[in-house]
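Below is one structure; the comments refer to it alone.
Counting starts at 1 for both ligands and their atoms, following the listed order.
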Amino acid sequence: MTKTPQTLTIAGSDSGGGAGIQADLKTFQELGVYGTSVITAVTAQNTTGVAAIYPMSAESVREQLTAIGSDFEISALKTGMLFDPEIIKETAAAIQQFGWNKLVVDPVMIAKGGASLLQQEAVEALKIHLLPLAFLVTPNIPEAQALTGIAITDSASRHLAAQRILSMGAESVVIKGGHGKDPKYAEDYFLHSSGESVLYRSSRIATMQTHGTGCTFAAAVAAQLAKGEELQNAICTAKEFIQAALRVPLNIGSGHGPTNHAAYKADLAVKRGVDSIEVFR
Ligand SMILES: Nc1ncnc2c1ncn2[C@@H]1O[C@H](COP(=O)(O)OP(=O)(O)OP(=O)(O)O)[C@@H](O)[C@H]1O
Ligand SMILES: Cc1ncc(CO)c(N)n1
């Protein structure tokens with residue numbers, strides 16, 4: 001009997017349901033994998049912003065990780081909001097202890113409204129403890145700049161920043177282009193430590209409903225990896241998933257609304273297909 005692949009998200013809770021743990025579990029469910037979760041912080045948050053953050057203690061994070069590691073067979077996992085250095089160290093220790101592979105690190109730093117989801121001193125901890133364990137790191141443009149100190153202004157500086165992130169020990173990186181300036185395209189740039197690079201390009205969708213795009217994208221990659229999809233194809237599927245989720249808005253809340261996690265499967269179900277992504281290798 002084949003078992004459903006099991007996945008794990010280590011991230012913060014978004015009370016508004018569009019990002020963080022909630023986005024990850026919805027994405028896992030939609031893509032047909034079993035989702036488990038370790039909550040690093042509780043945020044009081046909606047589509048207009050983050051009102052408060054309550055980090056969990058390092059001990060509670062360790063206990064959640066142990067509960068998962070002692071019972072589940074995790075085929076792929078992702079991290080999101082990790083908030084402080086202690087939580088990062090507990091996370092890295094558990095990943096090593098339980099031998100979890102296929103780690104997608106989404107280096108979440110700042111929410112759309114400007115709230116800090118990662119303490120300044122935690123950026124170093126992330127680089128030292130977590131990036132060397134990563135199968136894939138998924139920074140957006142501001143995060144890639146914060147990790148490397150390189151201003152990303154064109155494709156050459158984006159490549160340089162990607163190389164710098166790989167030099168921190170990650171096996172591969174995709175610098176996401178949601179924050180890019182191009183009005184026509186949203187371009188994600190992938191670089192592997194082998195030197196192989198891929199550009200994933202989709203048409204940019206003009207919408208306010210972009211809350212949690214990064215979390216959803218990384219969770220979709222982790223889900224596909226858990227099912228055994230090869231990394232570059234998993235990224236392509238994640239790009240199709242987020243494109244569908246952005247294209248069919250839910251119009252929830254008065255600010256940056258959540259994406260529509262159900263759209264990808266609904267598209268497939270009626271064989272409408274999803275927007276095809278241009279892939280440049
Ligand atoms: N308007 C858009 N149209 C099409 N694709 C988009 C758009 N905005 C973001 N994307 C895609 O969504 C994914 C997430 O990228 P983005 O740079 O927005 O991440 P993020 O800033 O970490 O997200 P968040 O912090 O909101 O969770 C990428 O694949 C990106 O190309
Ligand atoms: C809990 C949480 N994680 C990540 C993000 C980034 O979208 C957010 N806004 N909230």
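- Counting heavy atoms under 4.0 Å from ligand 1, residue Ser203 touches it through the backbone alone.
- Shortest contact from atom 8 (N) of ligand 1 to any protein heavy atom: Gly178 CA, 3.8 Å.
- Remark: ligand 2 atoms within the under-4.0 Å shell around heavy atoms of His211 are 9 (N).
- Proximity of Glu187 to ligand 1 is not established, as no heavy-atom distance is less than 4.0 Å.
- Side-chain contact annotation: Thr138 with Asp106, donor-acceptor N/O pair under 3.5 Å present.
- Contacts of Leu246 with ligand 1, taken as heavy-atom pairs under 4.0 Å, involve the side chain alone.
- Using a 4.0 Å cutoff on heavy atoms, Cys215 counts as a contact of ligand 1.
- When each atom of ligand 2 is checked for a heavy atom of Gly12 under 4.0 Å away, the hits are 1 (C).
- For the residue pair Gln22/Ser13, the side-chain donor-acceptor check at 3.5 Å is satisfied.
- Remark: the Gln232 side chain and the Glu196 side chain contain an N/O donor-acceptor pair separated by less than 3.5 Å.
- Scanning Asp14, Leu118, Leu82, Leu117 for the heavy atom closest to atom 8 (C) of ligand 2 points to Leu117.
- Counted by atom type alone, Lys239 and Ser202 present one or more donor-acceptor pairs between their side chains at under 3.5 Å.
- Residue-to-ligand polar distances place Gly214 within reach of ligand 1: an N/O pair is separated by less than 3.5 Å.
- Of the N or O atoms in Asn140, one or more lie within a sub-3.5 Å distance of an N or O in ligand 1.
- The closest protein non-hydrogen atom to atom 22 (O) of ligand 1 is Lys176 NZ, 2.8 Å.
- Protein heavy atom nearest atom 12 (O) of ligand 1, with residue, atom name and distance: Ile242 CG1, 3.7 Å.
- Atom 4 (C) of ligand 2 has its nearest heavy-atom neighbour, among Cys215, Ser15, Gly80, Ala115, in Cys215.
- When heavy-atom distances to ligand 2 are checked against a 4.0 Å cut-off, Gln45 comes that close only through its side chain, counted from C-beta outward.
- Salt-bridge formation is detected for the pair Lys127/Glu124: a Lys NZ or Arg NE/NH1/NH2 atom is positioned less than 4.0 Å from an Asp or Glu carboxylate oxygen.
- Side-chain contact annotation: Gln224 with Lys227, donor-acceptor N/O pair under 3.5 Å present.
- At a heavy-atom cutoff of 4.0 Å, ligand 1 is contacted by the side chain of Lys239 but not by its backbone.
- Polar contact check, His211 against ligand 1: no nitrogen or oxygen pair lies under 3.5 Å apart.
- Thr27 and Asp24 share no donor-acceptor pair across their side chains, judged by distance under 3.5 Å alone.
- Under 4.0 angstrom from ligand 2, there are no non-hydrogen atoms of Ala11.
- Nearest approach of Ala23 to Thr216, heavy atoms of both residues: CB-OG1, 3.8 Å.
- For a threshold of 3.5 Å applied to N or O pairs, the pair formed by Thr207 and ligand 1 contains no separation below that value.
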